[in-house]
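Below is one structure, written out as structure tokens; comments come after it.
Being a predicted model, the structure only gives us computed values, none of them experimental. Below, chain A is the first sequence line, B the second, and so on; all start at residue 1.
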4 protein chains.
Amino acid sequence: MPETMKAIIKPSSGPGLEMAQVPIPSPAPDEVLVKVRAASICGTDLHIFNWDPWAAGRLKPPLIVGHEVCGEVVGRGANVTSPEVGEFVSLESHVICNTCSYCRTGQGHLCENSRLIGVDRDGGFAEYIAIAAQNAWPNPHDLPLEIAVLQENFGNAVHTAFAADLRAKKVLITGCGPVGLMTLAVARAIGARAVYATDISRYRLDFAEKMGADLALHAKDDPVVERIMDATDNEGVDVLLEMSGAPSAIDQGFRVLKPGGEAMLLGVAPGPFEFDWSQHLVFKAAKVHGISGRRLWQTWYQARGLIRSGAVDLSPMVTHHFRFEEFEQAFQQMASGESGKVMLTP
Amino acid sequence: MPETMKAIIKPSSGPGLEMAQVPIPSPAPDEVLVKVRAASICGTDLHIFNWDPWAAGRLKPPLIVGHEVCGEVVGRGANVTSPEVGEFVSLESHVICNTCSYCRTGQGHLCENSRLIGVDRDGGFAEYIAIAAQNAWPNPHDLPLEIAVLQENFGNAVHTAFAADLRAKKVLITGCGPVGLMTLAVARAIGARAVYATDISRYRLDFAEKMGADLALHAKDDPVVERIMDATDNEGVDVLLEMSGAPSAIDQGFRVLKPGGEAMLLGVAPGPFEFDWSQHLVFKAAKVHGISGRRLWQTWYQARGLIRSGAVDLSPMVTHHFRFEEFEQAFQQMASGESGKVMLTP
Amino acid sequence: MPETMKAIIKPSSGPGLEMAQVPIPSPAPDEVLVKVRAASICGTDLHIFNWDPWAAGRLKPPLIVGHEVCGEVVGRGANVTSPEVGEFVSLESHVICNTCSYCRTGQGHLCENSRLIGVDRDGGFAEYIAIAAQNAWPNPHDLPLEIAVLQENFGNAVHTAFAADLRAKKVLITGCGPVGLMTLAVARAIGARAVYATDISRYRLDFAEKMGADLALHAKDDPVVERIMDATDNEGVDVLLEMSGAPSAIDQGFRVLKPGGEAMLLGVAPGPFEFDWSQHLVFKAAKVHGISGRRLWQTWYQARGLIRSGAVDLSPMVTHHFRFEEFEQAFQQMASGESGKVMLTP
Amino acid sequence: MPETMKAIIKPSSGPGLEMAQVPIPSPAPDEVLVKVRAASICGTDLHIFNWDPWAAGRLKPPLIVGHEVCGEVVGRGANVTSPEVGEFVSLESHVICNTCSYCRTGQGHLCENSRLIGVDRDGGFAEYIAIAAQNAWPNPHDLPLEIAVLQENFGNAVHTAFAADLRAKKVLITGCGPVGLMTLAVARAIGARAVYATDISRYRLDFAEKMGADLALHAKDDPVVERIMDATDNEGVDVLLEMSGAPSAIDQGFRVLKPGGEAMLLGVAPGPFEFDWSQHLVFKAAKVHGISGRRLWQTWYQARGLIRSGAVDLSPMVTHHFRFEEFEQAFQQMASGESGKVMLTP
């Protein structure tokens, strides 16, 4: 085994990333060493690339970035009994403590000591990564790389869609980035009556139609509220799945939400904004749930079930492939908005 | 308008039914008069035909039988504002009081004054039926008769399947009569990972495979417990949907139910039987819900959603058609176990 | 029986109310006539008195005001079978249609044709009121007037507190008007571990302590966030019951809400305001429910249970009594913030 | 530190227990060593004493018995960071694996590798016990021994009562052994409207009244069904908490359960028995949950909340105190049915 590996790192505070040769990590007693086979780029990675205020406030460079990763277990710490060396695994990106009150009550996604790989500690845009054994989720050996690499991000979609009751319901998805699109596929798979989608990118609206949207509307150019009220016989939607974080999309979403409706919120707004609290929440008796990460580990079991049964087909989701060395192009493609998921291989 | 109509009636206590000419009913102020376009035969109707102890204890002949009915609104009582004359409707078979504590708390399916048409009062195997306006559920005019007539019975399937969380779960359906088969279709439509089915009729097991069962096992000839434990990697099923009422099937179902699993019980056993309470319920921490009728009226909204979105295709369900005059043959067909639903037309 | 009665009315658009002699209403077929024994003043009534923009936009004078009412059934329409003449009843203030999709699915509190007495039609600050029989909730004959008159408003408290799971939880109530105070009593009765309260009135904070608050903090003068984090070992509260509608209180409430916590929102803000969506809802994975009215009729059954078992003691709540003729003083007292509930008698 | 300690052990297959001098255990890396301050006797311990078929089939003597234990942390394995040496702890009796699918989805009480102390491995009727650190639940130093020792068993009561919604509900508890009595106290604390109790011991019925039962009925001598239907205005109870495992009590309980009611089942029946499935479960649309152990670790947080807030007062529960050396008398007292909890001290 070599002693160093290539990795995409944030070398120091400021925009940009670079390829570097760094030491291969050793697994701690409860960790496995994973040889990375593929990774994919998340919106969060763009924030890190651009070094926006959030990134500047949270990251402590130098740091290997990347948190959507799959690979092969090639080493194990002394306490690890599972998974086996040789297993093909996808990684949960949040390393949790198992001892805080959240972890002890089935709410690991809210762990107060949670550390996100590629953000709070070294990540997986590298040839190897050492990570807690419990974060390495075994896949069938023949699962395509393009599906295996998506499971972390797919988990956000599953968590969001499963937090509401979509069965026989009319659903609006605001924001058709990759998570929004995967959420759309989940909504269809679990019996939504109709799924409407909005975005401000024509590319993504076309993609939404391909993934099964009944209606894909441009959030600025189409009269969204009118079109959705029409499509729903003036009743509005039963469920809003908010994946954009855009205040205007949030307002549109709540305008068409039925009284008593449910709204699941995954999209992150850049800061506080003005919101019509009384009309949209109180009088409407809305049920609103913020969605954070994946439920550990229910979401992984649910995601596995949807993929293995064939209920959800994620094969259209990875639209672009790059080598680690081409990461600049990969990030550009992702930033253009003209892509599904962008995959990187070592 | 004529003054009398043909109807299939239980003329007096004892086995059998007969065709008779009876007065056309007048709608009360809150009722509509429905010209029947189609009806279908339920297992309950067989009990009535055969005059079993249940039927003998409950029915007060003479009585028009039949409770699965669709038709056209041709008259309305003074207080009725909806549905309109001319609308094509399916009928909810339970006429409820709207005033008891169950009705007042969204539990109309448990109404303490509930009256079932064709059992507690005149039913719908007739040219006309008068029924509370709220029991007449409007359909699109182009909904096929074979679908419209099924909605009452389909509602049992929807109620059963929606009472559990089937998303990405492994499910066992014990009993593949028409309701079991429709439940299977619903389970698939709302994201079950796998659906296994058992019955003692080869015809019905073939039907179950056609409706999408991953595994259709003969409850007596196949080693059901072993086969299902194998199919589930020795984990068992997450959910049991019990549609048979057979003590042996119930025992098999609970043997393969996972700890913490859910069991929805629609099947009616003929009497008390021996059950392994501690193993099957207590130690297993099972969550068991008895299912009665349809939730009024959520189930109807849910059923509508599944049908209109195309998520559930009921078109294979009606396998035999008869005229009212041929009711003896129709009941024979139903009794043979070699049918899906059997439809009657005036 | 006389033909006219005294009533407190909004004679025409503009501030103020007046006493008038008006015709005694006749009950429609589904209505009862209730001889009012007591009424109480709601915050909504102050808005109507003051003729604020909300009132100006919604009321169509002339109109009898008042919606918190109890009295005796003295007449019944032709279709009414319950309650009996002579029964002592409290009134649900929302007259609902029973036919819209909300009413038909156990969500009568969201009825799309709901009409609020004293706002959308004549109310109960009068000697008599005619109202749908289902809105007249029978009380024991010996229930004190001061309790009977509170049940509508108490229902808001019960609905709010029951919408969350307060058992063994730490709870913050923001806003100690009468509903907030009654919610506090309910929270204690159903097993909250600790109840903290905030307001900007010293009178109300003292009242909150009398009703069982573990900590009653001045929302402006006390360092609320620090005090509550201290009191909760820096964990924050499990549940926020927001009864104030004040943006600053809402912000304080969400600052101390634990990740994964629940927030029930009854307080109405005067308009849109800036809110930290991502921090307070998304990252925190908050579960937020808008609360509207009372669940019809579950809330009434629940309120009855709490009162009859003695779990909640409402006897301190009515602090002031006035005759209809003294309504100006009564409204002044209510407006001062130095009162619990203010009761009016004919 | 000495090398041996006294312990109450099952020396070999067969009835009875004996005091023995055995080695003091050493904590493994994830374990703490606890110096036992008090223990209490569970019904399970009686089965072990008597060596009934269940005990004979499960225990592998020699074994230290006892699983209700509190004490002081006096040593820690290498990996333990919490609790601290010197802390006063109560012990969760089930040692779980943290890695099976149940543990990984917040269902540790269903862990497939769960080992019960005093049954599957050495227990706590001894001067010392080594146990996984996560099983040692810190108490305030001034918590009375009589409360601290009860927490494991109290957790069964909390789990049972919290599994249903008891707020403003009428509740029947069948079986007034110690867990039933503590469940009664919890039901009162979380807002039950009325609590009825049945047992076949006058001592326990008196105890139930002392703990707040509205009605305490002898299951054989009193006409239970009639009395409870009377007490509930012929409506029946909303919730059944079944703590007896007696087929006749179970039948009584379901006879008086309202349609749509909830039944929580903790009591273990000695074997299969005849049950009226259709009447009691299906037609009644009952919601039945088997209760197993405590939810790990939610139940412990909930129990802590109820005790610290004073909502539940467990001080009457321990009725008898013995030294380890007097264990024969202690077991006799427990077997007599004339006790609350029986406590043992080293």
Side-chain angles (χ1 to χ4, degrees), chain A residues 54 100-102 105-112 114 156 159-160 163 233-236 238 242-247 250-251 254 257-295, chain C residues 54 100-102 105-112 114 156 159-160 163 233-236 238 242-247 250-251 254 257-295:
Chain A
W54 169 82
C100 73
S101 65
Y102 298 98
T105 53
Q107 303 180 89
H109 61 306
L110 303 176
C111 169
E112 62 193 27
S114 185
N156 294 121
H159 187 186
T160 306
D233 298 329
N234 228 34
E235 288 177 354
D238 300 285
E242 208 304 293
M243 322 299 281
S244 74
I250 292 169
D251 185 69
F254 278 89
L257 184 66
K258 283 170 80 167
E262 296 185 87
M264 303 297 121
L265 314 178
L266 185 82
V268 175
F273 61 90
E274 197 175 89
F275 179 74
D276 196 343
W277 188 265
S278 302
Q279 292 299 333
H280 288 349
L281 297 182
V282 184
F283 294 138
K284 195 161 261 187
K287 299 187 185 75
V288 176
H289 290 209
I291 304 294
S292 176
R294 287 150 297 283
R295 292 192 71 90
Chain C
W54 169 82
C100 73
S101 65
Y102 298 98
T105 54
Q107 302 180 90
H109 60 305
L110 303 176
C111 169
E112 61 192 28
S114 184
N156 294 121
H159 186 185
T160 305
D233 299 328
N234 229 32
E235 289 178 353
D238 300 286
E242 208 303 296
M243 321 299 282
S244 75
I250 292 170
D251 184 69
F254 277 90
L257 183 66
K258 282 172 79 167
E262 295 185 87
M264 304 296 121
L265 314 178
L266 184 82
V268 175
F273 60 89
E274 197 174 88
F275 180 72
D276 196 342
W277 188 264
S278 301
Q279 292 299 333
H280 287 349
L281 297 181
V282 184
F283 294 138
K284 195 162 262 187
K287 299 188 186 74
V288 176
H289 291 208
I291 304 294
S292 176
R294 289 150 295 285
R295 291 193 72 90

Suppose we screen for ring pair (Phe, Tyr, Trp, His ring centres under 6.0 Å). Which residues come up paired with A/H289, at least two apart in sequence or across chains?
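With sequence neighbours excluded, A/H289 shows a ring pair (Phe, Tyr, Trp, His ring centres under 6.0 Å) to C/H289, given in chain and number order.
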
Not counting sequence neighbours, which residues clear ring pair (Phe, Tyr, Trp, His ring centres under 6.0 Å) with A/Y102? List them please.
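Result, ring pair (Phe, Tyr, Trp, His ring centres under 6.0 Å) vs A/Y102: none returned.
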
Largest heavy-atom contact set with chain C, pairs under 4.5 Å, which of [options]:
| options | value |
| --- | --- |
| A/A286, A/S292, A/G293 | A/A286 |
| A/L265, A/L266, A/L281 | A/L265 |
| A/K258, A/H280, A/H109 | A/K258 |

What part of C/I291 lies closer than 4.5 angstrom to a heavy atom of chain A: side chain, backbone, both or neither?
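Answer is backbone: N, CA, C or O of C/I291 sit under 4.5 Å from chain A.
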
Heavy-atom contact with chain A under 4.5 Å, split by part of C/A269:
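The answer is both parts of C/A269.
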
Identify the two heavy atoms, one from [X] and one from [Y], that lie closest to each other, and give their separation to 0.1 Å.
| X | Y | result |
| --- | --- | --- |
| C/G267 | A/V282 | O-CG2, 3.6 Å |
| C/A285 | A/L110 | CB-CD2, 3.7 Å |
| C/Q107 | A/G260 | OE1-CA, 4.4 Å |

Parallel, tilted or perpendicular for A/W277 and C/F273, by the 30°/60° rule?
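Correct class here is tilted.
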
